[in-house]
2 protein chains.
Amino acid sequence: MLKVSRKFEYGLHAVVFLARKEPQAVVTVKEMSQDIGFSQEFLAKAMQNLKRAGIAVSVQGVNGGYRLARSPDDITVSDIGRAIEGEPHLMRCSAESGKCEIAETCTHRSYMFTLERRIDSLLAGTTVTSLLVSR
Amino acid sequence: MLKVSRKFEYGLHAVVFLARKEPQAVVTVKEMSQDIGFSQEFLAKAMQNLKRAGIAVSVQGVNGGYRLARSPDDITVSDIGRAIEGEPHLMRCSAESGKCEIAETCTHRSYMFTLERRIDSLLAGTTVTSLLVSR
DNA sequence: ACAAACAAGACAAATTTAAACCTATTTATC
DNA sequence: GATAAATAGGTTTAAATTTGTCTTGTTTGT
């Protein structure tokens, strides 16, 4: 219940990894995947998602790699989730009306949507910086 | 991102359906699936989960069916989620240490666990009764 | 006895996720 | 300019999960 994908885990680890480096340090996918122990190719896909979402910036060519596009203070778990898994949609009807057979007569949708927003608010309130301090 | 399974949706609908009936009314899976428009066989599986979790009570034989085991006030979205999809585990390492390659050296697990608990608290704070009032 | 209904395991189909493969492009260095 | 390191991204394969169906059994009111 409520679990995130492995790709999300990879991406989150990578962002935390980059956040621990000097602000503008460029790190290769190879280095990250070796340090973390994940599939290099698959982590590369996650990094591409993060790049397209404006969370990471890529540097091509030799000595290339990735760095964070902005301060860890300004990147949230919600941002990473949206970048890799798309918008939060607790129920199918939230993703697209018509996806649920009884959307018209359903009386509890609106409350579930509220719940969805509250969950996302929790994720949006968790910055990468807050993940850096070990507790 | 963050989506629940179809089985969960079916189960949630069924619980809300039962909650709208008189307290001890027994309803068949057939009636519920026809009213709601879901696969009868599959909804039956969801009902079995709800029964095992002590959320619904089954009545066998002719005129049998299901009724809620307790007041809608005392059934939460978290209960239904646990009954159908199991415990909430945002990350693999929360489900079982050793499921993640870097659990030992991972510094942000604990914070993610906190986040997991907070999300579950939101679900646990949403009773079926609160889903009944249309807004 | 019969029919309606739940119980539950086994199976099959469909979908999603994870991973691998391959080709192209970019760019620093020699 | 050639080369090698790296990202870009599409295609395909493999694995896992979800969804749905089928079948058999049990319970119980009529």
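Chain letters run A, B, ... following the sequence lines, proteins first, then strands; residues in each count from 1.
Nearest-nucleotide mapping onto DNA chain C: of A:Val4 and B:Gly64, the residue sitting toward the 5' end is B:Gly64. Closest-nucleotide positions on DNA chain D for A:Lys3 and A:Tyr66 were compared, and the one nearer the 5' end corresponds to A:Tyr66.
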Residue pair A:Val27, A:Tyr66: steps toward the side chain to side chain contact (heavy atoms under 4.5 Å, CB included) verdict: CA-CA 5 Å; A:Val27 182; A:Tyr66 288 95; over 6 Å; no
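Of the inter-residue distances, the one linking A:Ile84 atom CD1 with A:Ile55 atom CD1 reads 7.5 Å to the nearest 0.5 angstrom. Atom CZ of A:Arg117 is separated from atom CG of A:Leu90 by 11.5 Å, given to the nearest 0.5 angstrom. Residue B:Ile36 holds its CD1 atom at 9.5 Å from SG of A:Cys106, rounded to the nearest 0.5 Å. Here the CG-OG1 distance, from B:Leu131 to B:Thr76, works out to 10.0 Å after rounding to the nearest 0.5 Å.
For the contact set between residues 5-19 of chain A and DNA chain D, defined by any heavy atom under 4.0 Å, there are no members. Residues from residues 29-47 of chain B with heavy atoms under 4.0 angstrom of DNA chain C, sorted by number: B:Val29, B:Lys45.
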Set out, line by line, the N/O atom pairs under 3.5 Å between protein and nucleotides 27-30 of chain C.
residue: C:dA28; atom: O3'; partner: A:Asn63; partner atom: ND2; Å: 3.3

All N/O pairs under 3.5 Å across the protein-nucleotides 11-13 of chain C interface:
none

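Extent of DNA chain D lying under 4.0 Å from chain A heavy atoms, first and last nucleotide in 5' to 3' order, is D:dA4 to D:dT18.
Residue A:Val26 belongs to a hydrophobic cluster whose other members are A:Val59, with links defined by side-chain heavy atoms closer than 4.5 Å. As a member of the Ile/Leu/Val/Met/Phe/Trp/Tyr network built from side-chain separations under 4.5 Å, B:Phe113 groups with nothing else and remains a singleton.
For B:Arg109, the side-chain hydrogen bond (donor to acceptor under 3.5 Å, both in side chains) test picks out no residue, with sequence neighbours left out. The salt bridge (Lys or Arg N to Asp or Glu O under 4.0 Å) search around A:Glu41 returns none, not counting sequence neighbours. Residues passing the side-chain hydrogen bond (donor to acceptor under 3.5 Å, both in side chains) test with A:Thr129, sequence neighbours excluded: A:Asp73. Applying the salt bridge (Lys or Arg N to Asp or Glu O under 4.0 Å) rule to A:Asp74 yields the partners A:Arg70; only residues at least two apart in sequence or on another chain are considered.
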Side chains of residues 5-21 of chain A: which donor-acceptor partners sit under 3.5 Å, not counting sequence neighbours?
residue: A:Ser5; atom: OG; partner: A:Phe8; partner atom: N; Å: 3.2
residue: A:Ser5; atom: OG; partner: A:Glu85; partner atom: OE2; Å: 2.9
residue: A:Lys7; atom: NZ; partner: A:Asn49; partner atom: OD1; Å: 2.9
residue: A:Glu9; atom: OE1; partner: B:Arg92; partner atom: NE; Å: 3.0
residue: A:Glu9; atom: OE1; partner: B:Arg92; partner atom: NH2; Å: 3.0
residue: A:Glu9; atom: OE2; partner: B:Arg92; partner atom: N; Å: 2.8
residue: A:Arg20; atom: NH2; partner: A:Leu132; partner atom: O; Å: 3.2
residue: A:Arg20; atom: NH2; partner: B:Thr107; partner atom: OG1; Å: 2.5
residue: A:Lys21; atom: NZ; partner: A:Glu31; partner atom: OE2; Å: 3.4

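For C:dA7, the OP1/OP2 oxygens have a side-chain nitrogen or oxygen of B:Lys51 closer than 4.0 Å.
Considering only heavy atoms from C-beta on, B:His89 comes within 4.5 Å of B:Glu116 through its side chain. Side-chain contact between A:Lys30 and A:Gln34: present, with at least one pair of heavy atoms (C-beta onward) separated by less than 4.5 Å.
The nearest whole Å value for the distance from the CD atom in B:Gln48 to the P atom in C:dA5 is 16 Å. Rounding to whole angstrom units, CG of residue B:Leu50 and P of C:dA8 are separated by 14 Å.
Both A:Leu2 and A:Leu122 sit in one connected hydrophobic cluster of ILVMFWY residues. Membership requires side-chain heavy atoms under 4.5 Å apart, directly or through other members.
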